[in-house]
K.L.:
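Sharing a structure with you now.
First the proteins, then the strands, lettered A, B, ... as listed; each starts at 1.
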Number of protein chains: 2
Amino acid sequence: MSSSKLLKGSLATIILKLLKENEKMYGYEITQRVKEITAGEFKITEGALYPTLHKLEAEGMLSTETQKVDNRIRKYYSLTKEGNAEAQTKVAELEEFLLNLQKLLNPKLGMG
Amino acid sequence: MSSSKLLKGSLATIILKLLKENEKMYGYEITQRVKEITAGEFKITEGALYPTLHKLEAEGMLSTETQKVDNRIRKYYSLTKEGNAEAQTKVAELEEFLLNLQKLLNPKLGMG
DNA sequence: TCTTATGCATAAGAAAATTATGTATACTTG
DNA sequence: CAAGTATACATAATTTTCTTATGCATAAGA
């Protein structure tokens, strides 16, 4: 992300969430999907994306499968069973985090 | 924050926002206020809080004033004029960020 | 031909937390 | 009255997670 500076620790969660909806995606596709959904406001850099994908794979959350399309290699990632559970947990945590942040930003909500 | 691990780069914004509402606050008070608003879910650590306050002060966003209460020192922080503008900007940025994050977490919102 | 797009990857550095300390006073509880 | 908890500040070492820079490679468009 260059426009708003930081993904603030939510990149792994975003990836897991996208994979939960899409069965399988490759790295470049993820960057484009995020850009599309956020109307160009989130730009995931490769330097952040690939290390995160590799880490999630090393932790057993993702499995990979390589395909050659148009003479270019695509590395597809999918959620493992463990990754599916982790996605659920992480998304719930992030939603909880966002709610609390909103309470701080909009004091009225804190008194509901 | 120990419960949800990371403040994810939003600590400075939270501080600025609280000071925008409260005129002046001291460090410990900020930690307690955040804990209170988030029902104990955000726990700001001193290791994160104090360096952030010092940085904001060094940048000219905050001014300080020390008071002795009950034989204990309190260092009160207030927004400078520049800090007030910065608070506005940062809060707007964070809100924008949250909206985009919600689009990613709730795909239906992306198609509004 | 040169730039942009597609596609992966890693390394160096910076930013922003956590964890662990350290100092000091006040209150509570067994 | 001793020990733990709360109040109040501060810094250092470490870790996590980004950005920026670089590298390789193919394809499409100007």
Side-chain angles (χ1 to χ4, degrees), chain A residues 1-16 24-36 40-59 62 64-77 90 93-94 97 100-101, chain B residues 1-16 24-36 40-59 61-62 64-77 90 93-94 97 101:
Chain A
M1 270 183 33
S2 58
S3 48
S4 55
K5 295 271 180 66
L6 282 174
L7 277 167
K8 296 163 197 198
S10 50
L11 179 57
T13 308
I14 290 171
I15 291 170
L16 292 170
K24 77 184 195 180
M25 299 180 85
Y26 57 100
Y28 187 75
E29 187 185 7
I30 292 174
T31 67
Q32 298 308 299
R33 189 68 55 88
V34 168
K35 198 198 253 182
E36 183 193 317
E41 291 199 47
F42 284 10
K43 280 165 199 151
I44 297 183
T45 60
E46 302 106 312
L49 176 70
Y50 293 112
T52 300
L53 285 171
H54 299 162
K55 195 190 168 204
L56 288 170
E57 188 186 3
E59 289 169 352
L62 305 180
T64 61
E65 173 194 345
T66 306
Q67 261 183 37
K68 205 167 189 177
V69 178
D70 253 344
N71 243 29
R72 276 196 240 89
I73 284 173
R74 287 180 184 173
K75 199 165 160 188
Y76 280 94
Y77 289 87
K90 286 263 212 175
E93 273 175 18
L94 186 52
F97 176 75
N100 282 129
L101 219 38
Chain B
M1 270 183 36
S2 56
S3 48
S4 55
K5 296 271 181 67
L6 282 174
L7 277 167
K8 295 159 199 199
S10 48
L11 179 56
T13 307
I14 291 170
I15 291 171
L16 292 170
K24 77 184 195 180
M25 298 181 85
Y26 57 100
Y28 187 74
E29 187 184 9
I30 291 174
T31 68
Q32 298 309 298
R33 189 67 55 88
V34 168
K35 198 198 252 183
E36 183 192 318
E41 291 200 48
F42 284 10
K43 281 162 199 152
I44 296 184
T45 59
E46 301 105 313
L49 176 70
Y50 293 113
T52 301
L53 286 171
H54 299 162
K55 195 191 168 201
L56 287 171
E57 189 187 1
E59 290 168 351
M61 303 302 159
L62 305 180
T64 62
E65 171 195 345
T66 306
Q67 260 184 38
K68 206 168 188 177
V69 178
D70 253 345
N71 243 29
R72 276 196 239 90
I73 285 173
R74 288 181 184 173
K75 197 164 162 188
Y76 280 94
Y77 290 87
K90 286 261 215 180
E93 273 175 16
L94 187 50
F97 175 74
L101 219 40

K.L.:
Taking the side chain of B/T45 as its heavy atoms from C-beta onward, which of C/dT19, D/dT19, D/dA8 lies nearest to it?
P.N.:
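Looking only at side-chain atoms, B/T45 lies closest to C/dT19.
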K.L.:
With sequence neighbours excluded, what pairs up with B/K35 under the side chain to side chain donor-acceptor pair (under 3.5 Å) test?
P.N.:
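B/K35: no side chain to side chain donor-acceptor pair (under 3.5 Å) contacts found.
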K.L.:
Looking at A/Y26, I'd like to know whether one of its side-chain N or O atoms comes within less than 4.0 Å of OP1 or OP2 on C/dG7.
P.N.:
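Yes, because at least one side-chain N or O of A/Y26 sits under 4.0 Å from OP1 or OP2 of C/dG7.
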K.L.:
According to side-chain contact (heavy atoms from CB on, under 4.5 Å), who are the partners of B/E36, at least two apart in sequence or on a separate chain?
P.N.:
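Here the qualifying residues are B/R33.
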K.L.:
For the pair B/F97 and A/S10, evaluate side chain to side chain contact (heavy atoms under 4.5 Å, CB included) and give the outcome as yes or no after the intermediate values.
P.N.:
CA-CA 11 Å; B/F97 175 74; A/S10 50; 4.1 Å; yes
K.L.:
Under 4.0 Å, counting only non-hydrogen atoms across every strand here, what does A/R74 touch: a base, just sugar-phosphate, or nothing?
P.N.:
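Sugar-phosphate contact only - A/R74 comes under 4.0 Å of backbone atoms but never of a base.
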K.L.:
Paired with C/dT29 by Watson-Crick or G-U wobble geometry, both distances under 3.5 Å: which nucleotide is it?
P.N.:
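Paired with D/dA2.
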K.L.:
Residues in side chain to side chain donor-acceptor pair (under 3.5 Å) with A/E65, at least two apart?
P.N.:
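Checked A/E65 against side chain to side chain donor-acceptor pair (under 3.5 Å); matches are A/K24.
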K.L.:
Under the side-chain contact (heavy atoms from CB on, under 4.5 Å) test, which residues partner A/T31, sequence neighbours left out?
P.N.:
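Once residues adjacent in sequence are excluded, the partners of A/T31 under the side-chain contact (heavy atoms from CB on, under 4.5 Å) criterion are A/Y28, A/I44, A/L49.
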K.L.:
At under 4.0 Å between heavy atoms, what does B/S10 touch on the DNA or RNA strands: base, sugar-phosphate, or nothing?
P.N.:
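Sugar-phosphate, backbone atoms only, no base.
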K.L.:
By side chain to side chain donor-acceptor pair (under 3.5 Å), which residues pair with A/Q32, not counting sequence neighbours?
P.N.:
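Result, side chain to side chain donor-acceptor pair (under 3.5 Å) vs A/Q32: none returned.
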K.L.:
Reckon A/K55 touches a base, only the sugar-phosphate, or nothing at all at heavy-atom distances under 4.0 Å?
P.N.:
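Sugar-phosphate, backbone atoms only, no base.
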K.L.:
Might you list the N or O atoms of the protein lying below 3.5 Å from N or O atoms in nucleotides 9-12 of chain C, with each pair's distance?
P.N.:
residue: C/dA9; atom: OP1; partner: A/K75; partner atom: NZ; Å: 2.7
residue: C/dA9; atom: OP2; partner: A/H54; partner atom: NE2; Å: 3.0
residue: C/dT10; atom: OP2; partner: A/H54; partner atom: ND1; Å: 3.1

